[in-house]
Participant: 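Input: one structure, supplied below.
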Amino acid sequence: MSIVDDDVRNRAGSVHRTLQILETVAARGGASAKEIAEAIDLPLPTVYRLVRELLDSEYLVHIREERRFELGYKLHELALSLHQQIGVPRAVRGEIAALHERLDAAAYLAVHRGSQIVVVHTVDSPRAPRLTPIAFGFHEAAHATALGKILLADMDEEQRDRHLGEEPFRRHGPGTITTRHDLDVQLRVVADSGIAWEIEEFEAGSMCAAAAVRGASGVVVGSVAVSSTTERFEARRPEVERELRLTASAASRYYRSGHTR
């Protein structure tokens with residue numbers, strides 16, 4: 001292995017460890033150097049070196065009196081930039097809120113970013129809470145979520161191969177589809193109907209449905225979805241589908257208009 005290869009590997013490792021530090025501080029709401037070292041299994045001198053770089057670039061701040069580190073203001077700039085890039089239009093946020101109210105269910109908007117479908121807006125309430133892992137930035141488990149199935153149903157076979165990876169697919173709930181054949185059968189139904197359902201595939205006791213949001217030329221740019229308990233949704237499937245189609249249609253008109261705010 002060449003010196004250049006070693007240098008690239010060392011740099012990649014350093015970036016990974018730096019990100020681990022940020023994630024640890026974020027998850028704990030602040031952490032001391034010792035806590036960081038223990039959490040990610042790094043020598044204390046290495047933690048101090050990487051933390052110093054993060055302090056210098058304002059990604060961390062040092063709370064001296066408490067001898068701990070917290071997230072820096074530079075991260076806020078990155079977060080603002082991400083939200084600006086995604087650009088969820090105000091009118092579309094209003095449509096998602098209205099969907100939540102009409103169905104008394106948690107409502108979601110997801111958009112395509114590259115080969116992923118990413119949740120960018122959620123509306124819920126104590127009576128109708130969102131599925132716990134699904135919040136801003138969620139993009140996992142496409143095979144086990146209604147949002148993900150909208151994306152997968154729009155893909156050709158080669159794209160789907162790259163996205164799904166090897167079988168069996170990870171099981172999330174008691175109803176998770178873990179084989180490509182069974183998933184392909186369901187995705188054909190999704191493509192024909194325009195609605196994706198999942199029943200206890202992502203989480204036991206929950207049920208979710210999604211509809212595609214289309215932009216110019218009919219291309220799928222994202223999806224809207226709702227979730228609730230299986231007990232509450234099972235008897236309301238026609239109503240849920242009707243409301244989803246109305247909301248997806250309204251959102252699609254807005255995205256086709258070319259507006260981003």
Participant: Below 4.5 Å, heavy atoms only, C-beta onward: do I134 and F202 meet side chain to side chain?
Facilitator: yes
Participant: Do the side-chain N and O atoms of T178 and R170 include a donor-acceptor pair separated by under 3.5 angstrom?
Facilitator: no
Participant: Atom OG1 in T24, atom CZ in F69: separation rounded to 0.5 Å?
Facilitator: 13.0 Å
Participant: Looking at R245 and E243, is any side-chain nitrogen of the basic one under 4.0 Å from a carboxylate oxygen of the acidic one?
Facilitator: no
Participant: Does the side chain of E95 reach to within under 4.5 Å of the side chain of Y254, using non-hydrogen atoms?
Facilitator: no
Participant: If the threshold is 4.0 Å, N to carboxylate O, is there a salt bridge linking E157 and R160?
Facilitator: no
Participant: Any side-chain heavy atom of V123 sitting closer than 4.5 Å to one from L99?
Facilitator: no
Participant: Do V221 and V111 come close enough that some side-chain heavy atom pair is under 4.5 Å?
Facilitator: no
Participant: May I ask you to test the I21-L54 pair for a side-chain heavy-atom distance under 4.5 Å?
Facilitator: yes
Participant: Distance only, no hydrogens: is a donor on one side chain within 3.5 Å (strictly under) of an acceptor on the other, for E241 and W197?
Facilitator: yes
Participant: Got a salt bridge between D56 and R52, using NZ or NE/NH1/NH2 to carboxylate O under 4.0 Å?
Facilitator: yes
Participant: Would you check if the distance from the ring center of H172 to the ring center of H143 is below 6.0 Å?
Facilitator: yes
